[in-house]
Amino acid sequence: MKKYGIEGCPAYEVFTDEVPAHAFIEKLGDVAVKPSGLTGGKGVKVMGDQLPDLKAAKEYTSELLEKGPVVIEERFIGEEFTLQAFVDGKDLAFFPAVQDHKRAYEGDLGPNTGGMGSYTDAGEILPFMLSEDIEKAKKIMQHTVTALHEETGTGYQGILYGQFILTSSGPKVVEFNARFGDPEAMNVIPLIETDFVEIMSAVTKGTLGNMPVRFSRKATVCKYAVPAGYPENPEKDSEVVVGDIGKASVYYASVYEKDGKIYTTSSRAVAVVGCAETIEYAEKIAQNALENIQGKLFFRRDIGTASLIQKRIDHMKELRG
Ligand code: GLY
């Protein structure tokens, strides 16, 4: 992104040594610190959050450097959202935007997780976004795909996952993944109206630009039931009983079956998805289903509720001034 001048790129460097890493933390003054590599969404620590001050940011950096390279990035303040797209090497077909909830507990408290649940609105933007925000995010992803082709001589074909923070000066990139998001996939895949095989065929042939990919204008709310103690001390090998889930869809995640019964592992166990005309109704469908899943589990009741969404809207209003 830096090389191709793509908008939304954070100030960042990757370090293997402590002295220059600490100097960069001082220079930026407000940072996010991440191990360079996959950590299941649980490795990043952010100042003003898990890292109270510069000293803590430096200490965490030194701890991570003992195991490998570390990314130091400027900290963005805003609301997080995910934009996913099919990519055929040059053209992109975008899904509606999704908001995931990384924190384990209600009120966005507790440790980071792989994602406790997520929602979409009816249409492509989220309630705290403006149309211009999604247009900017789309442009960033389009520019990135073009740059990938130019840089490697090969067009990227598949799913591109853009994780953004919507700041007062527009969307900024946290990361890209060459896959769907979890839980975000469960929100958007059921909304696809166009034939999935035709879409994938267009992805492989490079003809996505000629093909409108349609989504139903419905809101979705996805909530995960996770083992008690997750993510730090998850209750493993504990039975999960899925009762009447009503109109929701259920997706089994990190569970296993033994003698006809379902058991937890150390990760997220079962997700339910409500799909309806409004977020409010979709949330009720998902929440009612969760109430009928028994086991040593917990979940976030607040995901998709009117009060949490209003908090997001107020936060963006305040930031935009
Ligand atoms: N929801 C976060 C991820 O899939 O990376």
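Note that ligands are numbered from 1 as they come in the structure, with each ligand's atoms numbered from 1 the same way.
- Screening K172, K34, K45 against E73 for a salt bridge (charged side-chain N to carboxylate O under 4.0 Å, His left out) leaves a single residue, K34.
- Counting heavy atoms under 4.0 Å from ligand 1, residue K102 touches it through the side chain alone.
- If you check which protein heavy atom lies closest to atom 5 (O) of ligand 1, you get R179 NH2, 2.8 Å.
- Under the 4.0 angstrom criterion for non-hydrogen atoms, G114 is in contact with ligand 1.
- Residue Q163 has no N or O atom closer than 3.5 Å to an N or O atom of ligand 1.
- One finds a salt bridge joining R312 and D108 here, because a Lys/Arg side-chain nitrogen approaches an Asp/Glu carboxylate oxygen to under 4.0 Å.
- Inter-residue side-chain proximity for K223 and M116 is flagged as unmet; no heavy-atom pair is nearer than 4.5 Å.
- Between the side chains of E184 and Y161, at least one donor N or O sits under 3.5 Å from an acceptor N or O.
- Taking every non-hydrogen atom of G181 and a distance limit under 4.0 Å, the qualifying atoms of ligand 1 come out as 4 (O).
- The protein atom (non-hydrogen) at minimum distance from atom 2 (C) of ligand 1 is Y161 OH, 3.2 Å.
- Between the side chain of S36 and the backbone N or O of V70 there is no donor-acceptor pair closer than 3.5 Å.
- No donor-acceptor contact under 3.5 angstrom links the side chains of H143 and E7, judged on distance only.
- Annotation for ligand 1: atoms under 4.0 Å from non-hydrogen atoms of D100 are 1 (N), 2 (C).
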